[in-house]
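Just below is one structure, and these are the notes that go with it.
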Amino acid sequence: MDVKGNLIGPSNPAHAGDVLVMYCLGLGAVTPAVADGTAAPSNPPASTVITVTVRVATQTANVIFAGLTPTLAVLYQIDLYVPQGTPTGDEVPVTLSTGGQTSGRAPR
């Protein structure tokens, strides 16, 4: 996995096969459990108990990791591969689903 740490945007688009890291809040319980306000462990990382699904346009992404960001408190991250067949451009919808809830499209 080649991690470059570049912000994705119109001048630096993501491509099929790229690994993206998304940050978010509120994905629920993790294992191993982490006390509220405590930094998340690195080894093993605290993974979500409930499966997280990410769709890029109409394709389901391969989620590599979903859980608390190691060494930080409260912040979750999702590592995923951009699926083959994903359209390009700055208007490609990305949705996240977990526990029967699906995100809305982010406002521009």
Side-chain angles (χ1 to χ4, degrees):
M1 175 166 60
D2 180 25
V3 178
K4 297 177 185 168
N6 297 324
L7 186 61
I8 299 300
S11 63
N12 185 43
H15 300 93
D18 286 353
V19 174
L20 300 185
V21 178
M22 296 173 53
Y23 294 99
C24 54
L25 301 171
L27 296 182
V30 293
T31 186
V34 176
D36 290 346
T38 302
S42 297
N43 191 16
S47 300
T48 56
V49 172
I50 299 174
T51 300
V52 173
T53 302
V54 176
R55 292 186 60 80
V56 182
T58 61
Q59 308 292 327
T60 300
N62 177 12
V63 173
I64 306 161
F65 171 76
L68 289 170
T69 303
T71 74
L72 298 179
V74 182
L75 188 64
Y76 290 82
Q77 78 179 55
I78 302 168
D79 303 341
L80 62 107
Y81 284 103
V82 177
Q84 296 297 322
T86 299
T88 59
D90 60 357
E91 292 288 329
V92 178
V94 176
T95 56
L96 182 150
S97 299
T98 187
Q101 301 292 315
T102 299
S103 67
R105 187 170 176 187
R108 292 197 47 80

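FYI, side chains are in, hydrogens and waters are out, and symmetry mates aren't considered; it's all heavy atoms of this structure.
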*Looking at Phe65 and Pro45, what are the two nearest heavy atoms and their distance?*
CE1-CB, 3.7 Å
Between [atom1] on residue [X] and [atom2] on residue [Y], distance to nearest 0.5 Å:
X     : Y     : atom1 : atom2 : value
Ile64 : Leu80 : CD1   : CG    : 7.0 Å
Ser42 : Leu68 : OG    : CG    : 11.0 Å
Tyr76 : Leu96 : OH    : CG    : 12.0 Å

*asked:* If hydrophobic clusters are built by linking Ile, Leu, Val, Met, Phe, Trp and Tyr wherever their side-chain heavy atoms come under 4.5 Å apart, do Val63 and Val92 end up in the same one?
replied: yes
_If hydrophobic clusters are built by linking Ile, Leu, Val, Met, Phe, Trp and Tyr wherever their side-chain heavy atoms come under 4.5 Å apart, do Ile50 and Val34 end up in the same one?_
no
Name every donor-acceptor pair, under 3.5 Å, that has one atom in a side chain of residues 11-32 and the other anywhere in the protein, sequence neighbours excluded.
| unit_1 | atom_1 | unit_2 | atom_2 | d |
| --- | --- | --- | --- | --- |
| Asn12 | ND2 | Leu7 | O | 3.0 |
| His15 | ND1 | Pro13 | O | 3.4 |
| Asp18 | OD2 | His15 | N | 2.8 |

Only pairs under 3.5 Å count here: list side-chain donor-acceptor contacts from residues 52-59, not counting sequence neighbours, and write none if there are none.
| unit_1 | atom_1 | unit_2 | atom_2 | d |
| --- | --- | --- | --- | --- |
| Arg55 | NH1 | Thr60 | OG1 | 2.7 |
| Arg55 | NH2 | Thr58 | O | 2.4 |

